Structures are given as C-alpha cells and as structure tokens.
Amino acid sequence: MPELAEVEYYRKQWDTGVGERIRAVAVHPDKRIFRECNAAQLVTELEGRSLCGSLTHGKQMLFEFSDGAWLRLRLGMTGNLSAANKDYEPSKHDHLVFECDSVALVFNDSRQFGSCRLHIGKELPSWWSSLPPQILDPRFTLEHCREALRRRSRSPLKSILLDQSWFPGIGNWMADEILWRTALHPALLGGSIRGSALKSFFNKTIEVARDALEVIGTDWGTPPTSWLFPHRWNDGGICPSTGEPLVRETIGGRTTCYCPTLQTLP
DNA sequence: CATCATGTTATAAT
DNA sequence: CATTATAACATGAT
C-alpha cells in the first residue's frame with residue numbers, strides 16, 4: 001500500500017520499540033525481502049542491540065540501532081510494520097520480527113516486493129545521505145521540477161511523478177491526485193509543461209505531499225471527499241470537482257484515474 | 001480460471 | 001551514454 005504518508009505511518013508503529021533491547025530476531029531467511037542482504041548476518045548483527053530511532057525518505061525507512069548499525073526497509077506493494085505483544089508468534093508473512101523486552105516489532109509483506117539493507121558503521125550510510133531532496137525539503141524547488149521534466153521530456157507526466165529519483169515517495173494515488181489538482185492530463189509529455197502549468201505542477205506536488213502526511217501519515221485518517229483519492233479506486237467514480245464520470249486507463253504502465261473534462265489533451 | 005493490485009528493477013530498445 | 005518501455009517478481013482479492 002505504501003506511499004510517503006503510509007510509510008511515515010508505518011515507521012511510527014515501531015516507535016514503541018525505541019530504547020528497547022532486541023533479545024532475538026526471527027526471520028524467514030529464504031524469502032524475497034532478503035534478496036539484497038544476508039538474513040543470517042542481519043540476525044547476528046542486530047541481536048543484542050537496541051533500537052535508537054528511525055527516519056523516512058520517500059518510501060524508504062531507516063532504523064538506527066545502538067553501536068552503529070542501520071537497517072533500511074522498503075515496503076514494496078504490500079509491506080507493513082506493526083507492534084505486537086512480546087511473545088508474538090510470527091505468522092506466514094511476518095518475515096522479520098524483532099523480539100524486544102516488552103514488544104515485538106513485525107515486518108509483514110505477503111507479496112515480498114519489500115526489501116532490507118543493512119549497514120554497519122557509526123555514521124549515516126552514504127547511500128542514505130546522498131538521496132535526492134524530499135518533496136517537503138527546501139531543496140525541492142521549482143528548478144528541480146523543471147529539470148525533472150526536461151530530463152524526462154518524452155515521458156508522460158504520470159511516469160515522471162512515479163520516478164523515485166526525482167519525486168521520492170510519490171506513488172500511484174498521489175500522482176493521480178497531483179495531476180487532477182493541477183488539471184493536467186496524465187499522458188501529457190514532460191517536455192510540454194512550462195510557465196504557469198509548471199508552477200502549478202510544482203505547488204500541487206508539495207501540497208499533496210503535505211496533505212497526505214497530515215491526514216494519513218499521522219493516524220491513517222480518512223481523506224476528505226473533496227480529494228480525488230476516495231473516488232479513484234473503482235470504475236464508476238465521479239469527479240468531485242466537475243461532477244463528471246472519472247476515467248481509468250493504463251498510462252505509464254499503471255492504472256491511472258483522471259477527469260477527462262478537467263484534464264484535457266491539446 | 002482470469003484479472004488486477006498504493007512498487008522496483010533488470011533488460012532491451014531507442 | 002542517456003532515456004524510455006516492458007516483463008518479472010509472489011501472493012491475495014475479486
């Protein structure tokens with residue numbers, strides 16, 4: 001499920017474990033979420049350490065452990081984090097569980113598109129510090145957006161917004177929400193956007209990120225019906241702005257929902 | 001049984 | 001080389 005706001009929500013689910021010592025790490029070592037790291041090494045490295053804190057960058061999370069250990073998690077399509085009782089029995093898709101003194105921290109991912117990466121060292125891993133600016137970072141500027149659209153000038157806007165190297169944390173629903181609020185057709189090419197459309201694209205990207213974090217990232221609240229969000233999931237949705245039927249089609253390889261009255265092609 | 005799913009990446013093609 | 005398009009990944013819901 002996770003885009004930047006959902007990821008922020010899930011990150012906080014492990015806050016109850018901050019300061020706790022990890023007595024044991026339970027893994028399903030052959031599962032695909034460990035394809036980028038060694039599950040056995042992860043277990044031996046992290047057992048006995050304490051969880052110190054965590055942060056997010058787009059759809060990625062980084063957990064810091066005592067004495068210089070860092071674990072980056074991605075949730076893929078179906079991953080989620082939760083806290084459970086300390087004697088929790090891992091179920092089928094609980095591929096990584098930290099058994100702490102008073103809680104169990106659970107990473108569950110049925111489709112296993114999520115992943116882990118371990119870094120041992122006192123400082124933030126360099127691959128984390130060199131990530132591109134987050135959308136709510138002051139370094140995320142109009143110029144940054146202009147460059148993204150220039151470099152990807154022959155791609156549809158929908159694909160560009162899903163490009164994590166330019167728009168970290170934007171996923172399928174946020175991209176649709178941004179384009180709908182900007183009144184830009186998702187199939188428009190990046191190279192066709194300039195002037196006031198570019199400014200709007202930039203502003204709405206930030207607005208949607210902020211709104212999503214407020215409503216979903218805090219306590220997984222329900223987005224208001226004035227957003228595209230609650231109307232976009234199934235066929236038959238009605239645009240809350242125009243009252244016209246929404247359209248769902250594949251653009252940039254992903255199901256895309258937009259209002260054909262509001263978002264038109266030249 | 002077939003289709004679809006809030007994501008990323010390896011590979012091929014341009 | 002830089003950019004773009006597509007298939008593949010593993011599982012569950014409809």
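All values derive from a computational prediction rather than experimental measurement. Residue numbers begin at 1 in each chain, while the letters A, B, ... track the order of the sequences.
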#### Entry: B/dT9 versus C/dG12 - spacing of their C1' atoms, nearest Å
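My reading of the C1' atoms in B/dT9 and C/dG12 gives 23 Å.
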
#### Entry: Listed nucleotide nearest any side-chain atom of A/Arg32, set C/dA5, B/dA5, C/dC9
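Of the candidates, C/dC9 comes closest.
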
#### Entry: Non-hydrogen atoms of A/Lys158 and A/Ile251 that approach each other most closely
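The pair with the smallest heavy-atom distance is CG-O, 3.7 Å.
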
### Query
Do you know which two heavy atoms are closest between A/Phe140 and A/Gln134, and how far apart they sit?
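Heavy atoms only, the tightest pair is CB-O, 3.2 Å.
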
### Sequence-aligned protein contact record of nucleotides 8-14 of chain B, with B where the base is within under 4.0 Å of a protein heavy atom and S where only the sugar-phosphate is
SS-----

### Message
Contact between A/Ile193 and A/Arg150 at the side-chain level, heavy atoms closer than 4.5 Å - yes or no?
### Response
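No, their side chains stay 4.5 Å or more apart.
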
### Task
Measure the shortest side-chain to side-chain distance between A/Leu62 and A/Thr56 over non-hydrogen atoms and say whether it is less than 4.5 angstrom.
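They are not in side-chain contact.
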
### Query
In terms of heavy-atom contacts, does NZ of A/Lys12 have more than 12 from other residues, nucleotides or ligands at under 6.0 Å?
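Buried by this count: over 12 neighbours within 6.0 Å.
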
#### Entry: Neighbour count above 12 (heavy atom, 6.0 Å) for A/Arg154 CZ
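Check fails, neighbour count at 12 or below.
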
### Task
Select base, sugar-phosphate, or nothing to describe what A/Gly171 touches, counting heavy atoms under 4.0 Å on all strands.
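Here A/Gly171 touches the backbone only, sparing every base.
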
### Query
Which part of the nucleic acid, if any, lies within contact of A/Ser115, taking any heavy atom under 4.0 Å across all strands shown: a base, the sugar-phosphate backbone alone, or nothing?
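Counting heavy atoms under 4.0 Å across all strands, no contact is made by A/Ser115.
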
Can you check the [X] [atom1] to [N] [atom2] distance for me, whole Å?
X	N	atom1	atom2	value
A/Asn234	B/dC4	CG	P	13 Å
A/Ile251	C/dT4	CD1	P	17 Å
A/Asp235	B/dA5	CG	C1'	14 Å
A/Gln112	C/dA10	CD	C1'	6 Å
A/Met77	C/dA7	CE	C1'	14 Å
A/Asn108	C/dT11	CG	C1'	11 Å
A/His95	C/dA10	NE2	P	11 Å
A/Asn172	B/dC4	CG	P	14 Å

### Message
Does A/Arg181 qualify as a cation-pi partner of A/Trp227, given the criterion of NZ or CZ under 6.0 Å from the six-membered ring centre and within 45 degrees of its axis?
### Response
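Yes, A/Arg181 lies over the aromatic ring of A/Trp227.
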
OP1, OP2 of [N] versus side-chain N and O of [X]: anything below 4.0 Å?
X	N	value
A/Ser155	C/dT4	yes
A/Lys92	C/dG12	yes
A/Arg151	C/dT3	yes
A/His93	C/dG12	yes

### Query
Tell me, which pairs form a ring pair (Phe, Tyr, Trp, His ring centres under 6.0 Å) where one or both residues lie in residues 13-32 of chain A, sequence neighbours left out?
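Sorted result for residues 13-32 of chain A: A/Trp14-A/Phe63, A/Trp14-A/Phe98, A/His28-A/His95.
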
### A/Trp166 ring center within less than 6.0 Å of A/His144 ring center
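Close enough - the centres of the two rings lie under 6.0 Å apart.
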
### Task
Tell me whether the centres of the aromatic rings in A/Trp180 and A/Phe229 are closer together than 6.0 Å.
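No, the ring of A/Trp180 stays outside the 6.0 Å limit from the ring of A/Phe229, centre to centre.
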
### Query
Any stems for DNA chain C, made of 3 or more Watson-Crick or G-U pairs in a row, each with both distances under 3.5 Å?
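So far as stems of 3 or more pairs are concerned, DNA chain C shows B:2-5 with C:11-14, B:7-14 with C:2-9.
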
